[in-house]
Amino acid sequence: MIRGIEQTTMRKVYLRVLPIAALSYFFCYLDRINVGFAALTMNKDLGLDAATFGFAAGVFFGAISCSRYQATSLWKNSARAYGSRASW
């Protein structure tokens, strides 16, 4: 009984979460590729060397990582506030 409930619950979780996770992974990968392609012409146009562009890209991705952490913690706190059990 419990094993059947667990399997159906995990199946629903996989079907709902996995496509979103795969899509977001693809967009993150696409974003990193676009930054790399932008470096090919942008460095010359702005007069940046490779080290300066690397530092700027690092700051950009660092800011993205910080905002992801804040969004995750906000999601967890809002889930607790509304009494949801989805605060893993």
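Residue numbers start at 1 and run along the sequence shown.
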Trainee: Going hydrophobic residue to hydrophobic residue with side-chain gaps under 4.5 angstrom, can you get from Leu23 over to Leu30?
Mentor: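 Linked, Leu23 and Leu30 end up in one cluster.
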Trainee: Could you pull out the closest heavy-atom pair between Pro19 and Tyr14, with the gap in Å?
Mentor: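 Shortest heavy-atom separation between Pro19 and Tyr14 comes out as CD-O, 3.5 Å.
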Trainee: Do the side chains of Ile20 and Val17 get nearer than 4.5 Å, heavy atoms only?
Mentor: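 Not touching, per the 4.5 Å side-chain cut-off.
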Trainee: According to a hydrophobic-cluster definition based on side-chain heavy atoms being under 4.5 Å apart (Ile, Leu, Val, Met, Phe, Trp, Tyr only), do Phe26 and Leu18 belong together?
Mentor: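 Unlinked, Phe26 and Leu18 end up in two clusters.
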Trainee: Is the number of heavy atoms from other residues, nucleotides or ligands within 6.0 Å of CZ (Phe55) greater than 12?
Mentor: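 No.
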Trainee: Nearest 0.5 Å please: distance from the CD atom of Glu6 over to the OG1 atom of Thr9.
Mentor: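 Atom-to-atom, Glu6:CD and Thr9:OG1 are 8.0 Å apart.
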Trainee: According to a hydrophobic-cluster definition based on side-chain heavy atoms being under 4.5 Å apart (Ile, Leu, Val, Met, Phe, Trp, Tyr only), do Leu15 and Ile5 belong together?
Mentor: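 In one cluster with Leu15: Ile5, no.
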Trainee: Do you reckon Phe53 sits in the same ILVMFWY cluster as Leu46, going by side-chain contacts under 4.5 Å, direct or chained?
Mentor: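 Linked, Phe53 and Leu46 end up in one cluster.
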